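Worksheet for the structure shown next.
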Amino acid sequence: MNLSEAPQRSPVETARPNRGAAARAPLWRRLFDRYALLLAWAATVALFAALEPRVFLQASNFTSMFSSQAVLVVLTYSLLVTLTAGEYDLSAAPVLTLSAMVVAVLNARHGLSIWPALLVALFSGAAAGALNGALIVGIGIDSIIATLGTGTLISGIVLWISNSELISGISQSLVNLVIVPRLYGLSFGFLYVLALTFALWYVLEYTPLGLRLLFVGRGRRVARLSGINVSRLRFCACVAGSTLAAFAGILYAGTSGAADPSSGDSFMLPAFAAAFLGSTAIRPGRFNAWGSFTAVYFLVTGITGLSLMGIQIFIQDLFYGAALVIGVTLSLLVRRREQRERDVAENTES
Amino acid sequence: MPPGWKLWIMRAARGAVTATSETGGKIMKIWKAWAHLAAILLVILCGLARTPSADAALKPGVAALLKKRIAAAMELPRFMPPGAPFNPAPLKGKLIFTIPVSTAIPFCDVVDRQMAEFASRAGLRFEIWENNAQLAQWVQGFTAGLDHKASLINVFCGLDPATVAPQIREARAAGVPVVAAHTYAPGQPQLKDLSAIVYGAYLPAAKLEADWIISDTKGNADVLVITSPSTANSPYIQKEIAGEFAKYCPRCKLRFIGVNAPDWPTKIGPQVQSAIIGDPKLNYVLPIYDGMAQFVVPAIIATGASGRVKVASFNATPAVLDMIRTGNIVTFDVGEDTTWLAGAIIDQDMRLLLRKKLVPGYEAGLRAFTKKNVAAAGVPAKFGVGYGASAEQGYAKLWGLH
């Protein structure tokens, strides 16, 4: 049985908004649904500005918050692409680690100059994505199982090529291009994130490719009947997602100037959290770039504020988890309300 | 200099001049002039004593003491015989079975290989249980050790004996002693079924890190210490660091944050950034294990504080030693002599099997690395390099090997 062709509800489908109902909902409510996370972010900023005005409101606090999260945001975008196509990619974090390690091994250990090393790292990500695509689309293995397997395989390769060691000494030019404060205290890493956010937003919202990808994610059969080459799009989404994860790995290598064989794994859950929390904002019900961007920085703002107040780490975990659970729960409640309104409207019309 | 010192000197000088120029030269006036001159001298001396010269914030003698300690720690470790010499010949052919926390950790791997070398030279058989840090594999390791008729089992390299307590009891019941090596810090509660201990040198290393920071900042340290509360020896390291600062630099400012190992990549960076922004006088970060350093350094760079905030740590991981050699943020890293550690474990094992007096508080020697001596660890640095050969020669002599 081809699992991927079986009728199923994609992650997007489960959180699909009802446009008819949304259209009938009052404007203020629609605006609130879209921008609730932004409001929550603003409220968080206001709260910590009131509690820690001397430190929190410093420009350097904001620039460091923006500059330090490039890896997480780009990894979230990697997931965003595959989730939009209806696939779960559990190999994204191992691909991130592989990419960082490829840069470290080639550049720091073998003395290859940084640019070819970066190209090889990106290529390794694309190759991992192609392997995922072949397993998911070609053979028909469920994406969770396939990427769980390839992720473990990639982790093994990372341990092998690194000899299980932390490798430092990556070219300073990469560090300068990623983390060193440049523009009004902001690093280039943040500017790459901004550029990528605009690009993803444009592609997913305003191009036929983005809309086709959305259709594929929401219903493969319907998409196929509409003449969309579903298999090709799913394969390309896997490759694009893994290439973005490899780019996140390059940013990681540039951030730390080193690569560790296991560090990337810890980004996996925060990235999924940001992707799902982001799907409740800006374009509720869709995995979207600006929503994810807002989600990452909302969470980071909260955690930074708590850090500045000297709050212990477990409280930060509570904040992180609670924000995610509350955000997704509210989003679900809003959609249920919309569904009820739609049902009422349809009954009235009939 | 004390506040208003210029005014004091001017007043005193004016008084002296006035007093001596008066005709008649009465004795009282001469005394007055002398008193004014003495005041000038006193003020100057006080000023000199309170000039912010090197180490002014430290108690007398402390700066020299700390510098001496650090200089000694930077030299090659000098092996000290842990006990009386003995002949390992009666143990020929006996099997020492070692279960490390993971054979994929380079530090453990290096010490494993050096233990195998020592055991071989002493005529013992030696087996390592290959694993990648999974409980099921450690449990299997005990079964394999008993199946292979091991004479002794080592749990090694951070493998907490508490996690394999039933297996340790089973081994003891089968007459196989179990030694915990490089897991506990002295003073840490220990599993009672263990037959012997070889400690990790975490506490002397912690003292050295504190000494370095106090010395490097001339007693004006403002330090963020990053601990890892879920690691059993972390609270003891924290206590040692706090104690050393309290003893030698009570004016220094210390702040502790705990980040558990799985969170290092995602949480250390934001914590360090917040600390740097929140405390403009912060001048040192002390991650208690140098595996954290790779997340501390980018945070320092990202906040533009690389000229102000430095890093000192423990474990002499090669990549971190390379950071000392090639950069200016990591300034100090302490490492254990891996050969000494390997020899200490085999030595304690053999003393146990020969029913000789065990070595109490057994620890390996340390070496501190700074920019001055880091090249000794190799370029690029390697595990086990930079500690000299005194431990290897010392154990050979202790056991009567040639």
Side-chain angles (χ1 to χ4, degrees), chain A residues 52 54-56 58 60-65 67-69 71-72 104 108-109 156 159 162-169 172 175-176 178-181 185 187 189 252 254-267 269-270 300 303-310 312-314 316-317, chain B residues 102-109 132-133 229 255-280 290-291 293-306 317-327 329-330 380-383:
Chain A
E52 283 285 329
R54 187 183 60 82
V55 183
F56 189 83
Q58 282 182 29
S60 59
N61 183 39
F62 286 93
T63 54
S64 82
M65 271 197 287
S67 297
S68 61
Q69 298 300 321
V71 176
L72 179 57
R109 194 166 271 181
L159 287 172
S162 65
N163 199 21
S164 308
E165 284 185 39
L166 166 71
I167 299 176
S168 68
Q172 185 62 30
V175 177
N176 291 341
V178 175
I179 193 72
V180 175
S187 67
Y252 182 96
T255 299
S256 69
D260 181 287
S262 59
S263 300
D265 298 348
S266 58
F267 286 97
L269 282 178
V300 168
I303 286 168
T304 304
L306 292 169
S307 300
L308 287 173
M309 291 177 67
Q312 289 187 35
I313 294 275
F314 76 90
Q316 298 176 22
D317 281 340
Chain B
S102 166
T103 42
I105 297 173
F107 175 84
C108 306
D109 186 45
N132 60 352
R255 181 186 158 198
F256 292 90
I257 56 160
V259 184
N260 290 325
D263 295 328
W264 290 358
T266 51
K267 295 204 173 138
I268 285 179
Q271 288 286 335
V272 172
Q273 286 182 350
S274 299
I276 291 171
I277 292 163
D279 180 357
D290 67 5
Q294 59 167 321
F295 313 111
V296 173
V297 171
I300 293 171
I301 296 171
T303 42
S306 44
T317 299
V320 180
L321 294 180
D322 288 339
M323 289 180 195
I324 295 180
R325 186 170 47 79
T326 58
I329 296 177
V330 184
K382 290 188 180 69
F383 269 116

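In this text the structure is predicted, and so the values were computed from the model without any measurement. All chains are named by letter (A, B, ...) in the order of the sequence lines, taking the proteins before the strands, and each is independently numbered beginning at 1.
- For a residue to count as touching a neighbouring chain, one of its non-hydrogen atoms must lie under 4.5 Å from one of that chain's; by this rule A:Asn163 touches chain B with the backbone only.
- Highest contact tally toward chain B, considering only A:Gly254, A:Ala259, A:Ser60, is held by A:Ser60 [criterion: heavy-atom pairs under 4.5 Å].
- Contacts between A:Arg54 and chain B at a heavy-atom distance below 4.5 Å involve the side chain alone, from C-beta outward.
- Chain A forms more heavy-atom pairs under 4.5 Å with one residue of B:Ala302, B:Pro262, B:Gly327, B:Ser306 than with any other, namely B:Ala302.
- With a 4.5 Å cut-off on non-hydrogen atoms, A:Phe56 does not touch chain B at all.
- In this structure, chain B has no heavy atom under 4.5 Å from any part of A:Ser67.
- Only the side chain of A:Gln58 comes within contact range of chain B, with at least one heavy atom under 4.5 Å from a heavy atom of that chain.
- If you measure heavy-atom distances from A:Gln69 to chain B, the contacts under 4.5 Å come from the side chain alone.
- The minimum heavy-atom distance between A:Thr63 and A:Gly185, with the atom names listed, is CB-O, 3.5 Å.
- Closest of all the heavy-atom pairs between A:Arg109 and A:Ser162 is NH1-O, 3.8 Å.
- Considering every non-hydrogen atom in both B:Gly269 and B:Ala299, the closest pair reads O-CB, 3.6 Å.
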Listing, residues 317-324 of chain B side-chain donor-acceptor contacts under 3.5 Å, not counting sequence neighbours, or none:
unit_1, atom_1, unit_2, atom_2, d
B:Thr317, OG1, B:Asp290, OD1, 2.6
B:Thr317, OG1, B:Asp290, OD2, 3.3
B:Asp322, OD1, B:Arg325, NH2, 2.9
B:Asp322, OD1, B:Ala381, N, 2.9

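- Nearest heavy atom pair, residue B:Ser102 against residue B:Cys108, reads O-CB, 3.6 Å.
- Taking every heavy atom of both residues into account, B:Pro265 and B:Ala261 meet most closely at CD-O, 4.1 Å.
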* To do: Take A:Leu308 and A:Asn61 through the test side chain to side chain contact (heavy atoms under 4.5 Å, CB included) and record every step on the way to the result.
  => CA-CA 10 Å; A:Leu308 287 173; A:Asn61 183 39; 3.9 Å; yes

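- Heavy atoms of A:Asp265 lying under 4.5 Å from chain B are absent altogether.
- Looking at A:Leu159, there are no atoms closer than 4.5 Å to chain B (heavy atoms on both sides), in backbone or side chain.
- In terms of heavy atoms, A:Leu72 sits closest to A:Phe267 at CD1-O, 4.1 Å.
- Every residue two or more places apart in sequence or in another chain that forms a salt bridge (charged side-chain N to carboxylate O under 4.0 Å, His left out) with B:Asp109 is listed here: B:Arg113.
- With a threshold of 4.5 angstrom between heavy atoms, A:Ser256 approaches chain B through its backbone and through its side chain.
- At a 4.5 Å heavy-atom cutoff, B:Ile257 makes no contact with chain A through either its backbone or its side chain.
- Interface remark: of the candidates A:Leu306, A:Thr304, A:Ile303, A:Thr304 forms the most heavy-atom pairs closer than 4.5 Å to chain B.
- With a 4.5 Å cut-off on non-hydrogen atoms, B:Gln294 touches chain A through its backbone and its side chain both.
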